[in-house]
Engineer: 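The structure's right below; bear with me while I get my questions together.
The structure displayed is predicted, hence computed values, not measured ones. Any value given below was found using the heavy atoms of this structure, including those in side chains, with hydrogens, waters and symmetry copies removed.
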Amino acid sequence: MGVVLKLVDAILLLFFLFVTVVAPLIDAQMCLPVSYFPDILVQLKARYTHKYDDYLAAEKPRFFVGLVWLELLFQWPLALLNLYAILTSKPWFNTTCLIYGVSVSTSMLMESHVYVVHMVT
């Protein structure tokens with residue numbers, strides 16, 4: 001059982017590391033002026049938007065920008081705390097992980113609902 005927990009911790013470590021890097025560099029382009037970011041990051045986001053035809057990233061609807069603000073102001077700091085908690089084996093890791101998961105699940109439910117409505121119409 002201890003091996004499984006270490007494997008889950010390693011996967012969560014990689015996930016939270018990914019989130020802590022991507023959120024301020026890529027997702028923040030939805031909310032902040034593009035001039036704040038290096039050209040290579042702006043081009044990377046534009047290429048992603050074009051390749052996957054992501055209308056949310058292209059059109060930037062207000063509800064989605066709000067969800068990105070939620071990610072940057074609430075979920076991103078929680079991801080940083082979770083990284084710290086994993087690396088230092090803090091006992092409150094389970095609590096912050098649960099808070100992060102509930103927030104992400106709620107925002108993804110909203111986003112997927114709007115995406116389905118957009119695809120139907």
Side-chain angles (χ1 to χ4, degrees):
M1 187 66 174
V3 174
V4 174
L5 290 176
K6 292 295 182 189
L7 179 64
V8 170
D9 282 350
I11 292 169
L12 286 173
L13 177 72
L14 292 174
F15 172 76
F16 287 125
L17 187 61
F18 179 77
V19 168
T20 56
V21 171
V22 169
L25 297 179
I26 303 297
D27 294 347
Q29 293 180 36
M30 296 288 293
C31 308
L32 302 173
V34 178
S35 61
Y36 290 178
F37 301 94
D39 288 337
I40 191 164
L41 293 176
V42 174
Q43 292 169 359
L44 178 68
K45 183 182 170 286
R47 196 171 17 191
Y48 161 79
T49 302
H50 179 71
K51 182 176 180 180
Y52 295 104
D53 197 25
D54 187 351
Y55 85 96
L56 292 173
E59 296 176 12
K60 299 180 184 178
R62 289 183 180 171
F63 84 92
F64 188 66
V65 172
L67 288 175
V68 172
W69 275 115
L70 170 73
E71 179 183 6
L72 293 174
L73 297 176
F74 183 72
Q75 294 172 358
W76 186 68
L78 275 174
L80 288 172
L81 280 173
N82 285 333
L83 266 180
Y84 173 73
I86 289 173
L87 294 173
T88 58
S89 300
K90 295 294 182 184
W92 42 263
F93 170 66
N94 293 338
T95 305
T96 56
C97 215
L98 179 64
I99 294 168
Y100 181 86
V102 169
S103 179
V104 168
S105 299
T106 305
S107 63
M108 291 304 290
L109 182 64
M110 174 65 162
E111 184 178 334
S112 63
H113 171 71
V114 171
Y115 184 75
V116 168
V117 169
H118 177 73
M119 294 303 288
V120 171
T121 58

Engineer: Counting distance only, does the side-chain N/O of Thr106 pair as donor-acceptor with the main-chain N or O of Val102 below 3.5 Å?
Structural biologist: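 Yes.
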Engineer: Closest heavy-atom contact between Leu72 and Cys31?
Structural biologist: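 Closest heavy-atom pair between Leu72 and Cys31: CD1-SG, 4.2 Å.
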Engineer: Can you find a heavy atom in the side chain of Leu7 that is under 4.5 Å from one in the side chain of Ile11?
Structural biologist: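 SC-SC contact between Leu7 and Ile11 confirmed.
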Engineer: Answer yes or no: is there a donor N or O on one side and an acceptor on the other, between the side chain of Thr20 and the main chain of Leu17, under 3.5 Å?
Structural biologist: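 Yes, the answer is positive, given that a donor and an acceptor are paired below the 3.5 Å cut-off.
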Engineer: CG of Leu81 to CH2 of Trp92: how many Å apart, nearest 0.5 Å?
Structural biologist: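 With rounding to 0.5 Å, CG (Leu81) is 5.0 Å from CH2 (Trp92).
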Engineer: Taking atom CE of Met30 and atom CG of Leu56, what is their separation to the nearest 0.5 Å?
Structural biologist: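 Atom-to-atom, Met30:CE and Leu56:CG are 7.0 Å apart.
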Engineer: If I take atom OH from residue Tyr84 and atom OG1 from residue Thr96, how far apart are they, to the nearest 0.5 angstrom?
Structural biologist: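 If we round to the nearest 0.5 Å, Tyr84:OH and Thr96:OG1 are 12.0 Å apart.
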Engineer: Give, for atom CD1 of Ile40 and atom NZ of Lys45, the distance between the pair rounded to the nearest 0.5 Å.
Structural biologist: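 The CD1 atom of Ile40 sits 15.5 Å away from the NZ atom of Lys45.
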Engineer: So which atom in Ile86 and which in Asp9 form the shortest heavy-atom distance, rounded to 0.1 Å?
Structural biologist: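 Shortest heavy-atom contact: CD1-O, 4.0 Å.
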Engineer: Is there a path of hydrophobic side-chain contacts, each under 4.5 Å between heavy atoms, that joins Tyr48 and Val22?
Structural biologist: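 Different hydrophobic clusters.
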Engineer: Hey, any chance Leu78 and Leu83 share a hydrophobic cluster, counting ILVMFWY side chains that come within less than 4.5 Å of each other, even indirectly?
Structural biologist: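 Yes; Leu83 is reachable from Leu78 via cluster members.
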Engineer: If hydrophobic clusters are built from ILVMFWY residues whose side chains come within less than 4.5 Å, do Val104 and Trp76 share one?
Structural biologist: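 No, Val104 and Trp76 fall in different hydrophobic clusters.
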Engineer: Between Ala23 and Glu71, what is the shortest heavy-atom contact and its length?
Structural biologist: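 Reported closest heavy-atom pair: CB-OE2, 3.8 Å.
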Engineer: Check Ser107 against Gln75 and note the closest heavy-atom contact, atom names and distance.
Structural biologist: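 Nearest pair, atom of Ser107 first, then Gln75: OG-NE2, 3.6 Å.
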Engineer: Compare all side-chain heavy atoms of Phe93 with those of Leu12 and state whether any distance is below 4.5 angstrom.
Structural biologist: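 They are in contact (side-chain heavy atoms under 4.5 Å apart), so the answer is yes.
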Engineer: For a quick test of reading the model, state the closest non-hydrogen atom pair linking Asp27 to Val68 and the distance between them.
Structural biologist: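 Closest pair (atom of Asp27, atom of Val68, distance): O-CG1, 3.3 Å.
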Engineer: Are any of the side-chain heavy atoms of Phe37 and Leu25 separated by less than 4.5 Å?
Structural biologist: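 Not in contact.
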Engineer: State the CG-OG1 distance between Leu44 and Thr49, to the nearest 0.5 angstrom.
Structural biologist: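 Between Leu44 CG and Thr49 OG1, I get 9.0 Å after rounding to 0.5 Å.
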Engineer: Give me the atom names and distance for the closest heavy-atom approach of Lys60 to Gln29.
Structural biologist: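 That would be NZ-O, 3.6 Å.
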Engineer: With clusters defined by side-chain heavy atoms of hydrophobic residues (ILVMFWY) lying less than 4.5 Å apart, directly or transitively, does Val21 cluster with Leu32?
Structural biologist: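 Unlinked, Leu32 and Val21 end up in two clusters.
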Engineer: Report yes if some heavy atom in the side chain of Phe18 is under 4.5 Å from a heavy atom in the side chain of Leu14; otherwise report no.
Structural biologist: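 Of all side-chain heavy-atom pairs linking Leu14 with Phe18, none is under 4.5 Å.
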Engineer: I want to check something: taking the side chain as every heavy atom from C-beta on, are Phe15 and Asn82 in contact at a cut-off of under 4.5 Å?
Structural biologist: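 Of all side-chain heavy-atom pairs linking Asn82 with Phe15, none is under 4.5 Å.
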Engineer: Other members of the hydrophobic cluster containing Leu5, with the 4.5 Å side-chain heavy-atom rule, please.
Structural biologist: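 Other cluster members: none.
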Engineer: Under 4.5 Å between side-chain heavy atoms, counting indirect links through other Ile/Leu/Val/Met/Phe/Trp/Tyr residues: same cluster for Val3 and Val8 or not?
Structural biologist: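 Different clusters: Val3 never reaches Val8 through Ile, Leu, Val, Met, Phe, Trp or Tyr contacts under 4.5 Å.
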